[in-house]
Amino acid sequence: MDERVYNFSAGPAVLPEEVLRNAQQEFMCLPGAGASILEISHRGKAFTEILEAAEDNLRKLLGLKDHFRVIFLQGGSRLQFSMIPMNLLRGRSADYITTGTWGEKAVVEARREGSVREAWNGEATQYKRIPTTDEIKLDADAAYAYFTSNETIQGVQFQKEPDTGSVPLVADASSDFLYRPLAMERYGLVYACAQKNAGPAGVTVVIIRDDLLGEVDSNKSGMLCYENHVKNQSCYNTPPTFAIYIVKLVTDWLIHTVGGLEKMYELNQKKAALLYEVVDASGGFYRPHAETDSRSLMNVTFQLPSDTLQAEFIEQAAEQSLCNLKGHRSVGGIRASIYNAMPRKGVERLSEFMRDFYKKNS
Ligand SMILES: *Cc1c(COP(=O)(O)O)cnc(C)c1O
């Protein structure tokens with residue numbers, strides 16, 4: 001394949017073409033730096049400006065008040081499964097709302113660090129839905145309440161954040177970060193690895209309320225303490241400079257080309273509707289994994305009537321440059337990841353393909 005396809009990969013995932021082109025243009029010599037972004041010091045002026053611009057863009061997009069800190073870390077979202085309890089538990093217990101595979105993995109790691117309660121777990125219903133407010137059994141004394149805003153594998157997404165009262169809300173927003181504005185006043189901490197919706201693999205954005213910062217156990221590595229990264233403006237050690245640069249370009253694109261997160265949300269709702277309409281009009285030929293009011297705008301998951309049809313669907317879609325549609329092995333079926341950077345055109349093409357495939361095979 002020498003031409004770019006429509007890439008429905010769950011992650012690392014599609015990036016805006018404008019971002020790739022800008023990065024290509026500046027790759028040999030970053031303007032003003034006399035060298036490539038790959039070759040310059042993380043403490044020099046050129047990179048410091050990029051780091052500050054990436055943070056400013058995030059602050060602007062999310063309307064972050066001063067009491068929120070923004071840091072760029074490594075270790076992916078997986079390391080956050082551990083860092084969150086290490087930094088926030090402080091001898092107390094935390095509540096976890098588990099709506100899919102990633103939430104499940106987060107609980108496993110949190111248990112290594114201390115006391116964890118499951119305030120809700122959707123495993124018995126195959127993680128097909130988000131709980132109602134009444135179903136979530138919260139502890140008013142919890143150190144924090146944790147949820148996964150979008151479960152990438154199952155394709156279920158919170159339509160609004162759970163109400164946790166005064167307990168700080170912590171969100172794994174890895175696969176829907178920046179897909180719409182966030183009610184940040186509700187959150188204590190939000191984090192996202194970049195490779196789904198915000199940039200390339202290698203950097204994880206953590207936004208944390210400053211009253212939650214503090215020392216961690218002195219027997220733990222300094223790398224695991226949020227406060228060290230905050231105090232050192234993400235340069236406690238050498239940060240992933242290239243990945244942060246791309247996050248800066250992606251957030252530039254969101255601000256200047258897209259026009260902000262309200263606009264992005266509108267576009268995302270319209271894109272997802274193009275696919276769910278075909279699913280709903282197929283009389284059960286396309287069987288959605290998620291219940292209607294828990295559907296994800298980012299990862300559209302559904303099954304076909306047989307494994308044979310599913311294999312044909314994937315193969316014939318790929319012939320039309322609609323690629324990487326195979327669902328995660330644990331859920332099976334099809335998963336179309338239609339993150340911010342997936343152009344509407346790609347989703348239109350997929351929805352047309354789905355209509356045709358249905359007509360021919362139903
Ligand atoms: C991809 C993903 C992760 C894991 O991210 P890594 O960067 O590979 O550690 C965690 N949570 C969610 C919701 C994800 O989509």
Side-chain angles (χ1 to χ4, degrees), residues 7-15 71-86 94 96-110 112 120-123 127-130 144-159 161-162 169-180 182 187 189-207 223-224 229 234 239-240 242-244 246-247 250 268 272 289-290 294-301 324 326-331 335-342:
N7 174 14
F8 294 92
S9 164
V14 58
L15 285 164
I71 45 180
F72 299 92
L73 305 182
Q74 299 183 68
S77 287
R78 283 267 192 165
L79 186 58
Q80 294 313 305
F81 296 172
S82 301
M83 275 180 84
I84 288 163
M86 271 177 205
Y96 278 67
I97 303 165
T98 307
T99 52
T101 308
W102 289 113
E104 218 172 61
K105 292 181 196 299
V107 169
V108 170
E109 299 303 331
R112 294 183 211 273
W120 193 76
N121 184 313
E123 192 183 4
Y127 297 127
K128 283 174 186 291
R129 66 182 185 89
I130 298 300
Y144 61 90
Y146 180 104
F147 78 115
T148 309
S149 50
N150 181 62
E151 280 286 359
T152 323
I153 291 174
Q154 282 78 14
V156 296
Q157 187 173 34
F158 279 81
Q159 312 300 306
E161 38 286 284
L169 191 57
V170 171
D172 175 357
S174 294
S175 52
D176 67 0
F177 189 52
L178 306 176
Y179 91 110
R180 71 167 178 191
L182 271 188
Y187 291 87
L189 187 154
V190 179
Y191 73 96
C193 54
Q195 73 269 20
K196 277 56 182 273
N197 213 20
V203 65
T204 300
V205 178
V206 177
I207 301 171
M223 275 298 283
L224 299 171
H229 294 281
S234 300
F242 184 74
I244 293 170
I246 299 290
V247 169
V250 169
N268 282 328
H289 178 78
S294 300
R295 285 172 171 177
S296 169
L297 298 192
M298 300 279 101
N299 311 97
V300 177
T301 51
N324 304 318
K326 196 170 170 21
H328 189 271
R329 60 191 178 282
S330 61
V331 173
R335 169 172 56 175
S337 297
I338 50 171
Y339 299 120
N340 286 353
M342 169 56 68

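Every number for a ligand or one of its atoms is a count from 1 in the order of the listing. The basis for the numbers below is simple: all heavy atoms, side chains too, and nothing from hydrogens, waters or symmetry mates.
For ligand 1 and N150, the ligand atoms under 4.0 Å from any heavy atom of the residue are 13 (C). Below 4.0 Å from some heavy atom of R78 lie the following atoms of ligand 1, by number and element: 9 (O). The atoms of ligand 1 that sit less than 4.0 Å from any heavy atom of T148 are 13 (C). For ligand 1, the atoms sitting less than 4.0 Å from at least one non-hydrogen atom of G76 are 7 (O), 9 (O), numbered in the order shown with element in parentheses. Counting atoms of ligand 1 from 1 in the listed order, those under 4.0 Å from a heavy atom of C193 are 5 (O), 7 (O). Atom numbering of ligand 1 starts at 1 in the shown order; those under 4.0 Å from a heavy atom of K196 are 1 (C), 2 (C), 3 (C), 14 (C), 15 (O). Each of the atoms 12 (C), 13 (C), 14 (C), 15 (O) of ligand 1 lies under 4.0 Å from some heavy atom of T152.
Closest to atom 8 (O) of ligand 1, if we only count protein heavy atoms, is Q195 NE2, 3.6 Å. Given atom 11 (N) of ligand 1, the protein heavy atom at minimum distance is D172 OD2, 2.7 Å. Considering only non-hydrogen protein atoms, atom 6 (P) of ligand 1 sits nearest to S77 N, 3.5 Å.
Although no hydrogens or angles enter the test, the distance criterion places a donor-acceptor pair under 3.5 Å between the side chain of E151 and the main chain of W102. With hydrogens and angles disregarded, no donor-acceptor distance shorter than 3.5 Å links the side chain of N299 to the backbone of S337. A donor-acceptor pair under 3.5 Å is formed between the side chain of H229 and the backbone N or O of M223. Side chain of T98 to main chain of E104: no donor-acceptor pair is present (N/O by atom type, distance under 3.5 Å, no hydrogens or angles). Between the side chain of Y146 and the main chain of A110, no donor-acceptor pair closer than 3.5 Å is present. At distances below 3.5 Å, at least one donor-acceptor pair connects side-chain atoms of S296 with backbone N or O atoms of M298.
Proximity of E151 to ligand 1, defined as any heavy-atom pair under 4.0 Å, is not found for any part of the residue.
Residue S77 holds its OG atom at 12.5 Å from NZ of K105, rounded to the nearest 0.5 Å.
Here the rule is side chain to side chain contact (heavy atoms under 4.5 Å, CB included) with I207, and of F177, Y187, Y191 only F177 fits it.
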